[in-house]
Amino acid sequence: MSFLSNINKTLRPNNGDNKVVVLDLFAGCGGLSLGFEAAGFKTIGYEMNKAASDTYNKNLFGTCYNEKLTVGYKYPDADIIIGGPPCQPFSVRGMQRGIEDIRDGFPIFIDAVKMVKPQIFLFENVRNLMYSHSWYLELILKDLKKIGYNITFECLNAVNYGVPQNRERLIVVGHKNNFSFPHKETKKVCVEEAIGDLMYTTPKDSKFLTKSQDEYIAKYEKASCCKVPRDLHPDRPARTLTCRNLAGATSDMQRVKLKDGRRRRLLHKEAARLQSFPDWFEFCGNETEKFNQIGNAVPPLLAYKVALAIKDSYYNLCVQNTNHNYLKQLTLLEAM
């Protein structure tokens with residue numbers, strides 16, 4: 001099955017009659033929720049950006065509330081909490097103010113876990129949280145362990161799970177049973193498999209790099225000792241897609257080199273596919289808002305595969321609790 005056929009077929013919201021509720025905090029346009037709905041869960045999202053919450057509501061079964069979360073917010077009952085607290089305070093490309101950054105969403109996430117007491121939770125963030133801000137990660141995990149959760153975490157590269165992009169993210173799972181991350185896959189999907197039908201086309205809305213931009217990029221690559229031009233290469237996965245290199249006209253921008261030598265900035269559909277969004281998924285907002293939603297998202301295919309592992313852990317715990325209650329009742333009957 002081709003990459004496009006796979007994501008168009010696999011990543012379909014499918015919560016059916018499932019009563020297992022997943023709260024998605026800082027939900028963005030719904031990359032995580034799409035993966036969880038495709039795995040059969042029911043989702044409820046919370047996102048402060050209007051265009052992103054509109055995208056979520058346009059494409060998913062679950063409802064996304066366009067609200068800014070605060071400590072003390074009242075949530076509905078839920079079995080699982082997931083989310084991506086804003087990564088800008090910890091990103092190597094940001095000012096790295098960490099805990100002092102007003103965008104730090106971890107106090108809100110921890111508060112939600114304390115209030116809702118889900119069976120399992122998951123949060124994702126940039127790899128750098130494990131390094132430059134490792135002391136803060138330790139505090140976060142310490143707080144979550146105090147509530148009564150076992151913690152399993154790992155830095156996953158989306159390219160190892162069928163996504164045509166090198167994208168490393170820290171994934172942390174809190175559970176009360178056993179949990180294992182999905183195994184890495186041996187096959188890596190390349191750019192051509194994802195956007196080969198689009199990458200050499202020039203639609204009406206195409207934006208081409210100017211001569212001065214080409215010259216600036218050449219100077220940048222020379223100064224940074226870049227041996228391989230940073231254009232998209234059809235025979236390898238893409239480099240990490242970010243808001244900055246999708247929406248901004250920078251030396252690091254994501255671009256395609258056409259067969260006539262011109263360079264074209266990525267189309268929204270190309271960027272979305274490289275993030276593993278299916279073609280039927282529609283983004284709301286203006287050009288920049290769409291690129292920002294794509295750049296901020298968790299690749300839905302990665303989310304789906306992690307969601308299946310969460311599903312195994314959740315239902316194993318349910319079976320374990322059922323057996324425990326049965327044995328307890330049996331013991332009481334025998335004692336009578």
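The first residue in the sequence is number 1, and the count goes up from there. Only this structure's heavy atoms are used, side chains among them; waters, hydrogens and symmetry mates stay out. The model shown is predicted, which means the values in this text are computed figures rather than measured ones.
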Item to check | Phe36/Tyr304 under ring-ring contact (aromatic ring centres under 6.0 Å, His included): CA gap, chis, key distance, verdict | outcome: CA-CA 6 Å; Phe36 273 75; Tyr304 170 71; 9.6 Å; no

Checklist entry - With no hydrogens and no angle check, do the side chains of Tyr65 and Glu47 hold a donor and an acceptor under 3.5 Å apart? => result no

Checklist entry - So, for Thr201 and Leu258, which heavy atoms are closest and what is the spacing to 0.1 Å? => result O-CD2, 4.1 Å

Checklist entry - Is a side-chain donor or acceptor of Glu193 paired with a backbone partner of Cys190 at a separation under 3.5 angstrom? => result yes

Next on the checklist: Applying side-chain contact (heavy atoms from CB on, under 4.5 Å) to Ile151 and Lys145, what does each step give before you reach the verdict?
Outcome noted: CA-CA 7 Å; Ile151 303 291; Lys145 287 176 182 176; 3.6 Å; yes

Checklist entry - Which of these, Gln275, Arg264, Gln254, sits in a side chain to side chain donor-acceptor pair (under 3.5 Å) with Glu270? => result Arg264

Checklist entry - Run the ring-ring contact (aromatic ring centres under 6.0 Å, His included) check on Phe277 and Phe283 step by step: do they pass? => result CA-CA 10 Å; Phe277 279 98; Phe283 294 88; 5.1 Å; yes

Item to check | Criterion salt bridge (charged side-chain N to carboxylate O under 4.0 Å, His left out) against Asp231, the qualifying member of Arg265, Arg263, Lys257 | outcome: Arg263

Checklist outcome for this item: Nearest heavy-atom approach of Ala194 to Leu274 is CB-CD2, 4.0 Å

Item to check | Distance, nearest 0.5 Å, that separates CG of Leu267 from CG of Leu246 | outcome: 11.5 Å

Checklist outcome for this item: Across all chains, not counting sequence neighbours, the salt bridge (Lys or Arg N to Asp or Glu O under 4.0 Å) partners of Asp111 are none

Checklist entry - Would you call Leu301 and Tyr161 a side-chain contact if the rule is heavy atoms closer than 4.5 Å? => result no

Item to check | Rounded distance [0.5 Å steps], NZ in Lys211 versus CZ in Arg262 | outcome: 16.0 Å

Checklist entry - Can you get from Met253 to Tyr220 by hopping between Ile, Leu, Val, Met, Phe, Trp and Tyr side chains that sit under 4.5 Å apart? => result no

Next on the checklist: Whether Glu282 and Lys269 form a salt bridge (side-chain N of Lys/Arg under 4.0 Å from carboxylate O of Asp/Glu) is what I want to check.
Outcome noted: no

Checklist entry - Does any N or O in the side chain of Ser5 come within less than 3.5 Å of the main-chain N or O of Ser2, such that one atom is a donor and the other an acceptor? => result no

Checklist entry - Does a side-chain N-to-carboxylate-O contact under 4.0 Å join Asp54 and Lys50? => result yes

Next on the checklist: Whether the side chain of Glu37 engages the backbone of Gly62 through a donor-acceptor N/O pair (distance < 3.5 Å, no angle test) should be reported.
Outcome noted: yes

Checklist entry - Is the closest side-chain heavy-atom distance between Trp280 and Arg12 below 4.5 Å? => result yes

Next on the checklist: Donor-acceptor pair, distance only, cut-off 3.5 Å: does the side chain of Asp143 make one with the backbone of Ile140?
Outcome noted: no

Item to check | Donor-acceptor pair, side chain of Gln213 and main chain of Thr210, under 3.5 angstrom | outcome: yes

Checklist entry - Residues two or more places apart in sequence or in another chain: which of them pass side chain to side chain contact (heavy atoms under 4.5 Å, CB included) with Lys219? => result none

Checklist entry - Would you call Ile44 and Val21 a side-chain contact if the rule is heavy atoms closer than 4.5 Å? => result yes

Next on the checklist: Donor-acceptor pair, distance only, cut-off 3.5 Å: does the side chain of Asn125 make one with the backbone of Pro85?
Outcome noted: yes

Checklist outcome for this item: Taken to the nearest 0.5 Å, the spacing of Cys64 SG from Lys58 NZ works out to 15.0 Å

Item to check | Steps toward ring-ring contact (aromatic ring centres under 6.0 Å, His included) verdict (Phe26, Phe109) | outcome: CA-CA 9 Å; Phe26 316 101; Phe109 189 91; 7.3 Å; no

Item to check | Contact check, side chains of Asn166 and Arg239, non-hydrogen atoms, under 4.5 Å | outcome: no

Checklist entry - Which pair of non-hydrogen atoms, one from Lys290 and one from Cys284, has the smallest distance, and what is that distance? => result CG-O, 3.7 Å

Next on the checklist: Under a 3.5 Å distance rule, please check whether Lys117 uses its side chain to pair with a backbone N or O of Lys114 as donor and acceptor.
Outcome noted: yes

Next on the checklist: Determine whether Asn160 and Lys188 satisfy the following criterion, side chain to side chain donor-acceptor pair (under 3.5 Å), listing intermediate values before the conclusion.
Outcome noted: CA-CA 6 Å; Asn160 294 319; Lys188 290 182 171 56; 3.3 Å; yes

Checklist entry - Which heavy atom in Gly162 sits nearest to a heavy atom in Phe3, and how many Å separate them? => result O-CE1, 3.4 Å

Next on the checklist: Please check this pair: side chain of Asn49 against backbone of Ala52, looking for a donor-acceptor N/O pair closer than 3.5 Å.
Outcome noted: yes

Checklist outcome for this item: Heavy-atom closest pair (Ala112 atom, Ile81 atom, distance to 0.1 Å) is O-CD1, 3.7 Å

Checklist entry - Going through the checks in order, is the salt bridge (charged side-chain N to carboxylate O under 4.0 Å, His left out) test met by Asp197 and Arg273? => result CA-CA 12 Å; Asp197 59 325; Arg273 278 196 203 168; 2.7 Å; yes

Next on the checklist: Is there a path of hydrophobic side-chain contacts, each under 4.5 Å between heavy atoms of I/L/V/M/F/W/Y residues, joining Val71 to Val113?
Outcome noted: yes

Checklist outcome for this item: In short, Met199 meets Leu232 closest at the heavy-atom pair CE-O, 4.4 Å

Item to check | Asp279 side, atom CG; Asn8 side, atom CG - distance, nearest 0.5 Å | outcome: 5.0 Å

Checklist entry - Could you walk me through whether Phe121 and Tyr149 pass the ring-ring contact (aromatic ring centres under 6.0 Å, His included) check? => result CA-CA 9 Å; Phe121 68 79; Tyr149 293 92; 5.0 Å; yes

Checklist entry - Do Phe208 and Thr202 have side-chain heavy atoms sitting under 4.5 Å apart? => result yes

Checklist entry - Which value, rounded to the nearest 0.5 Å, describes the distance between Phe153 atom CZ and Phe123 atom CZ? => result 9.0 Å

Checklist entry - Counting distance only, does the side-chain N/O of Glu154 pair as donor-acceptor with the main-chain N or O of Phe181 below 3.5 Å? => result no

Item to check | Residue pair Lys207, Glu287: steps toward the salt bridge (charged side-chain N to carboxylate O under 4.0 Å, His left out) verdict | outcome: CA-CA 12 Å; Lys207 291 188 177 179; Glu287 179 186 80; 3.0 Å; yes

Next on the checklist: Is there a continuous path of hydrophobic side-chain contacts, each under 4.5 Å between heavy atoms, that joins Phe106 to Met115?
Outcome noted: no

Next on the checklist: Can you confirm whether Leu122 sits close enough to Val306 that some side-chain heavy atom of one is under 4.5 Å from a side-chain heavy atom of the other?
Outcome noted: yes

Item to check | Beyond-backbone contact of His233 with Arg236, side-chain heavy atoms, under 4.5 angstrom | outcome: yes

Checklist entry - Judged by modelled atom types alone, do Ser33 and Asp24 share a side-chain donor-acceptor pair under 3.5 Å? => result yes

Checklist entry - side chain to side chain donor-acceptor pair (under 3.5 Å) between Tyr56 and Thr63: does it pass, once the steps are laid out? => result CA-CA 8 Å; Tyr56 187 119; Thr63 298; over 6 Å; no

Item to check | Nearest-0.5 Å distance, OG of residue Ser313 to CG of residue Leu308 | outcome: 12.5 Å

Next on the checklist: Using the rule that Ile, Leu, Val, Met, Phe, Trp and Tyr join whenever any side-chain heavy atoms are under 4.5 Å apart, tell me whether Val163 and Met1 fall into a single cluster.
Outcome noted: no

Checklist entry - Do Leu241 and Val159 share a hydrophobic cluster (ILVMFWY, side-chain heavy atoms under 4.5 Å, transitive)? => result no

Next on the checklist: Are the side chains of Ile108 and Tyr73 in contact, using a 4.5 Å heavy-atom criterion?
Outcome noted: no

Checklist entry - Is it true that Lys305 and Glu185 make a salt bridge, defined as a side-chain N closer than 4.0 Å to a carboxylate O? => result yes

